[in-house]
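Here is the structure we will look at, set down as C-alpha cells.
Below, each value reflects all heavy atoms present in this structure, side chains not excepted, and no hydrogens, waters or symmetry copies.
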Amino acid sequence: MHGEVFSCIWPPKRCVQTSRPPKSTNTACKWYKMLSGAEDQGSFLTNLSPLSALEQYEDKSLLLFKDTLRPPQPAVYLFVLDVSHNAVDAGYLTIVCNSLLENLDKLPGDSRTRIGFITFDSTVQFYNLQEGLSQPQMLIVSDIDDIFLPTPDGLLVNLHESKELIKDLLNALPNMFTNTRETHSALGSALQAAFKLMSPTGGRISVFQTQLPSLGAGLLHSREDPNQRSSTKHLGPATDFYKKLALDCSGQQTAVDLFLLSSQYSDLASLACMSKYSAGCIYYYPSFHHSHNPAQAEKLQKDLKRYLTRKIGFEAVMRIRCTKGLSIHTFHGNFFVRSTDLLSLANVNPDAGFAVQMSIEESLTDTSLACFQTALLYTSSKGERRIRVHTLCLPVVNSLTDVYAGADVQAVVCLLANMAVDRSVSSSLPDARDALVNAVVDSLSAYMSTASNLQQSMLIAPNSLKLFPLYVLALLKQKAFRTGTSTRLDDRVYAMCQIKSQPLVHLMKMIHPNLYRIDKLIDEVTDRVVPQPPLQKLSAEKLTREGAFLMDCGSNFYIWIGKNCDNNFIKDVLGYPNYASVPQRMTQLPEIDALSSERTRSFISWLRDNRPLSPVLQVIKDENPAKTDFFQHLIEDRTEAAFSYYEFLLHIQQQICK
C-alpha cells in the first residue's frame, strides 16, 4: 500500500501562542499513532510547548508517510426513505427529493463521491443506478427476515458518472408510491441492508422514518402511557437492536443520521440509539405534514439545505488528554468510546457538541498549570487526512474564592444538564431534578462558608455564579426535566438528545431563551448593522399589551403581540390592518417595503444565522392555543408545578440554612 496522506495542524489560524511546536514529519507521525491508538502516548501532552490560552491548529499542508491503514475513504451518502402510506400522506418525500436535486452539486466530496438510495415499507427496495442504464432499476427484496443485497454493483454509484440517473430517480420517487396501501414499516431490515451496502467503504446513512417500525428486525410497540410519560423505563430503549446496529456501523466507519417525521408516538428513545452510538445526528419533526403543518415543512427544507451542504469529516477519532493528576471521568455526546480517552466518530460535523467530566485523582500542588488537549484526526470530504488540536491551560490556585472567580456558569450548567439526562435514564427523573437543585445548594453553601462575615440569612453568590440558580430553575422547567404528564414522551426524549449533542451556545438558548421587545427597534438597518434591542427578563410582567416581543428559544421563535399593539407596527411588519385581523396560525413575516419591517426581518435573519437547526417562527396572540408554549418559557414566573424565580431562591436559601 502506498503512503497515507496526512495533514498536520500548523500553523494556527486563530490563536495566541507562546511558541510553535516543531514542524516535522516525526512529530506528525507521532501524533497520528497517538490518535489512532497505535502508540501509547502517556507523555504526549508534556512533549508540547506550554500554551498560555486556548489554541487551535489546522493546516492543509500534506505530509506523506508509510502506514498500514486503508486509504482515505471517499464521501459516501446513502439515503434510506420510508415510503409507507403514512409517509406518503405526510408528504415529506417531495421536500427531500427537491432538496437533494437543488443541492446535489453542493454535497461535500470530490470526484470519488458516491451516492445510493433505499426505500422501504413492508419490503425493502433498492435502486440500480449503474452508469449506462437508460433509467433507474428498482429491485425489491421481500424476505425481510434474511435481508440481502440483490446485486453486487450499481447500488452505490459515482455521483458524477451517474448524475442523470440520480436526477431521474429523485424526480420520480415522490410519485412512485402515491397509491400505496402498505401501512407497515420494516425499518430494521432496511437498516441491515444499508449496513451491508456501506460496510466496504463507510460514510453516512440518512434515515427518514414516519412511524413505529412494525415488521421484521427491530420492530417496536407503543409504550406511551399518558399517565407514565416520565417513567424511567420509557426513557430508555425497548430493545438493543438499534444500539447493536449502531456499534456495527461505527466499526465500519459509518454514521447513521435519523430524521423522525411523525404525527404520533414513534419510540424515539429506541430509535435514537442508531445515531447516539454511531456519531450521528437526530432530527425530530413532531406532527409533521406538508400541508397541515407548513411551518414544519419549511423547517425540514431549511434544515436539509444545511445538512446536505455543511462540512463533514469521515472516519474520525478524538483523543482527550490532561495533566497528570487529573483523569477523564465521563464523555457526553454521540459517539462510541473506543478506550478510556479515545472516541470513535464515524462522522464529525460543525453542529456537534461534546462534554467531558474530569476528576482530580492526585494533588496538583506541585504544578501551577493544569493542561487539557483535544486532538481530532479525520478525513476531509476531499480525501485529506487532517488533525485539529485544541489546547487549554488553566492556572492551579490555592484559594476556593479564586476557583469560584474562574467558574464559567454556562459550561457548568450545560455539563450538569448532560449529567441530569444520564441520571434520568439510569435512576429516575425526580432523582435527576433533586441532583440539579443540590448542585446549587452545595456550591453556594461552600462559597458562603468561605466568608465568615456574611450573614447566614442572606443568599450570597459569587459574580461568576449569580445566574446559576436561574439557569438551574430554567433546566427544571425544560421539556427534558419538567414534571407532570403534559410533555409527550418523544418530545421529552428529543429534548434529552439535544442536551447531549448540541454545542453550548445553542444549548443555552434552549435552556434559557432570549426575550426582546421588537416594536421599538431604533437602529438603522444597513449591510453591517442590525438592531440590537436589550434583553428582557423572562417574566410576564415584562410583557405589555402595547408592545410586541420576540422570544428566541433556539429551535423556535415566538412573536407575542399585545392586544393594544400599535396598528402601524402590525400593518408594516405582519401585513394586517389591526390586531383582530391577525390569523391564529401565522408562521412567516411578509416582505413589506417599510422601515419597521426591514428592521424586524433583519434582526430575525441575524438571529437565524449559523444555527444547526432552522427555527420555526410562530406569531402568538392571547387567543392562540400556542400561547401555552410561549408562557412556559417565561421561567421566572410561577407555574402549577414549579417555583417562580423568587420562590426558588427562597427554597435554596432554606436548604443552605438547614
Side-chain angles (χ1 to χ4, degrees), residues 74-121 123-141 150-151 153-180 182 187 190 193-194 197-198 203-210 256-259 261 283 285 288-291 296-310 312 381:
V76 182
Y77 306 107
L78 178 62
F79 295 89
V80 181
L81 306 165
D82 180 358
V83 292
S84 64
H85 175 77
N86 194 66
V88 172
D89 181 64
Y92 87 90
L93 207 54
T94 300
I95 298 173
V96 172
C97 291
N98 287 341
S99 295
L100 274 168
L101 284 167
E102 292 171 7
N103 297 288
L104 209 53
D105 294 328
K106 300 175 185 177
L107 289 175
D110 54 17
S111 60
R112 304 176 302 153
T113 301
R114 301 170 71 184
I115 192 170
F117 298 88
I118 292 176
T119 57
F120 65 95
D121 40 37
T123 63
V124 179
Q125 301 96 36
F126 300 83
Y127 297 88
N128 187 348
L129 302 169
Q130 189 71 43
E131 183 186 16
L133 292 175
S134 60
Q135 62 182 18
Q137 292 181 348
M138 178 194 286
L139 306 170
I140 302 175
V141 176
T151 178
D153 302 307
L155 302 181
L156 276 177
V157 295
N158 185 284
L159 173 60
H160 306 283
E161 294 173 357
S162 299
K163 183 176 292 185
E164 292 308 314
L165 283 173
I166 294 168
K167 289 183 177 179
D168 289 344
L169 177 62
L170 290 173
N171 282 315
L173 264 178
N175 299 317
M176 286 172 60
F177 301 92
T178 303
N179 299 318
T180 183
E182 288 285 358
L187 172 64
L197 189 55
M198 294 289 280
R204 183 179 75 189
I205 299 174
S206 305
V207 179
F208 293 80
Q209 174 73 358
T210 66
V256 184
D257 295 338
L258 172 64
F259 289 76
L261 310 106
Y283 297 82
Y285 304 86
F288 181 89
H289 195 279
H290 69 106
S291 60
Q296 288 284 20
E298 181 187 5
K299 175 177 171 59
L300 173 63
Q301 184 180 14
K302 291 180 178 179
D303 287 350
L304 280 173
K305 182 178 180 180
R306 177 171 177 85
Y307 174 76
L308 295 171
T309 59
R310 71 187 179 191
I312 185 172
S381 59

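Residues Leu300 and Leu261 meet the side-chain proximity criterion, which asks for heavy atoms closer than 4.5 Å. Within the 4.5 Å cutoff, the side chain of Ile166 has no heavy atoms near those of the Leu100 side chain. Looking only at side-chain heavy atoms (C-beta outward), Thr113 and Ser381 stay at 4.5 Å or farther from each other. Within the 4.5 Å cutoff, the side chain of Gln209 has no heavy atoms near those of the Val80 side chain. Counting heavy atoms from C-beta outward, Lys163 and Asp105 have side chains that approach closer than 4.5 Å.
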Point to revise | Audit row: Asn86, Val88, side-chain contact (heavy atoms from CB on, under 4.5 Å) steps and yes/no | key: CA-CA 6 Å; Asn86 194 66; Val88 172; over 6 Å; no
Check your understanding: So Asn98 and Gln301, side-chain contact (heavy atoms from CB on, under 4.5 Å) or not? Walk me through it.
Key -> CA-CA 9 Å; Asn98 287 341; Gln301 184 180 14; over 6 Å; no
Practice item. Verify side-chain contact (heavy atoms from CB on, under 4.5 Å) between Val141 and Phe126, making sure each step is shown before the conclusion. Key: CA-CA 8 Å; Val141 176; Phe126 300 83; 3.5 Å; yes
Check your understanding: Yes or no on side-chain contact (heavy atoms from CB on, under 4.5 Å) for Leu308 and Lys106, after CA distance, side-chain angles and deciding distance?
Key -> CA-CA 8 Å; Leu308 295 171; Lys106 300 175 185 177; over 6 Å; no
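The two atoms that bring Leu173 and Cys97 nearest to each other are CB-SG, 3.8 Å, heavy atoms only. Of all heavy-atom pairs between Ala193 and Val124, the closest is CB-CG1, 4.5 Å. The two residues Ser84 and Thr180 come nearest to each other via the heavy atoms C-CG2, 4.2 Å. Pro108 and Ala75 get closest at one heavy-atom pair: O-CB, 3.5 Å. Contact between Ala194 and Leu78 at its shortest, heavy atoms only, is CB-CD2, 3.5 Å.
Judged by distance alone, the side chain of Asp121 and the main-chain N or O of His85 form no donor-acceptor pair under 3.5 Å. Side-chain N or O atoms of Ser162 include none that pairs as donor or acceptor with a backbone N or O of Leu159 at under 3.5 Å.
Note: Tyr285 and Tyr283 have parallel aromatic rings, judged against thresholds of 30 and 60 degrees for the angle between ring planes.
Remark: Leu304 CG to Lys299 NZ distance equals 10.5 Å, nearest 0.5 Å. To the nearest 0.5 angstrom, Leu170 atom CG is 4.5 Å from Leu101 atom CG. Atom CZ of residue Phe208 and atom OG1 of residue Thr119 lie 13.5 Å apart, to the nearest 0.5 angstrom. Put simply, CD1 on Ile312 and CZ on Arg204 are 4.5 Å apart, with the number rounded to the nearest 0.5 Å. Atom CZ of Arg114 is separated from atom OH of Tyr77 by 13.5 Å, given to the nearest 0.5 angstrom.
Every residue two or more places apart in sequence or in another chain was checked for a side chain to side chain donor-acceptor pair (under 3.5 Å) with Asn179, and none qualifies. Contacts of His160 classified as ring pair (Phe, Tyr, Trp, His ring centres under 6.0 Å), with partners at least two apart in sequence or in another chain: none. The ring pair (Phe, Tyr, Trp, His ring centres under 6.0 Å) test applied to Tyr127 returns no partner, not counting sequence neighbours.
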Identify each donor-acceptor pair in which a side-chain atom of residues 89-96 lies under 3.5 Å from a protein atom, sequence neighbours left out, and give them as a table.
from: Tyr92; atom 1: OH; to: Asp82; atom 2: N; distance (Å): 3.0
from: Tyr92; atom 1: OH; to: Asp82; atom 2: O; distance (Å): 2.7

Which pairs would a plain distance check flag for residues 129-138, meaning a side-chain donor or acceptor within less than 3.5 Å of a matching protein atom at least two apart in sequence or in another chain?
from: Gln130; atom 1: OE1; to: Gly154; atom 2: N; distance (Å): 3.1

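Counting only residues at least two apart or in different chains, ring-ring contact (aromatic ring centres under 6.0 Å, His included) contacts with residues 95-117 comprise Phe79-Phe117.
Other residues, nucleotides and ligands contribute at most 12 non-hydrogen atoms within 6.0 Å of the NZ atom of Lys305.
Side-chain contact, Ser99 with Tyr307: no donor N or O sits under 3.5 Å from an acceptor N or O. With 3.5 Å as the limit, one finds no donor-acceptor pair spanning the side chains of Thr309 and Asn103.
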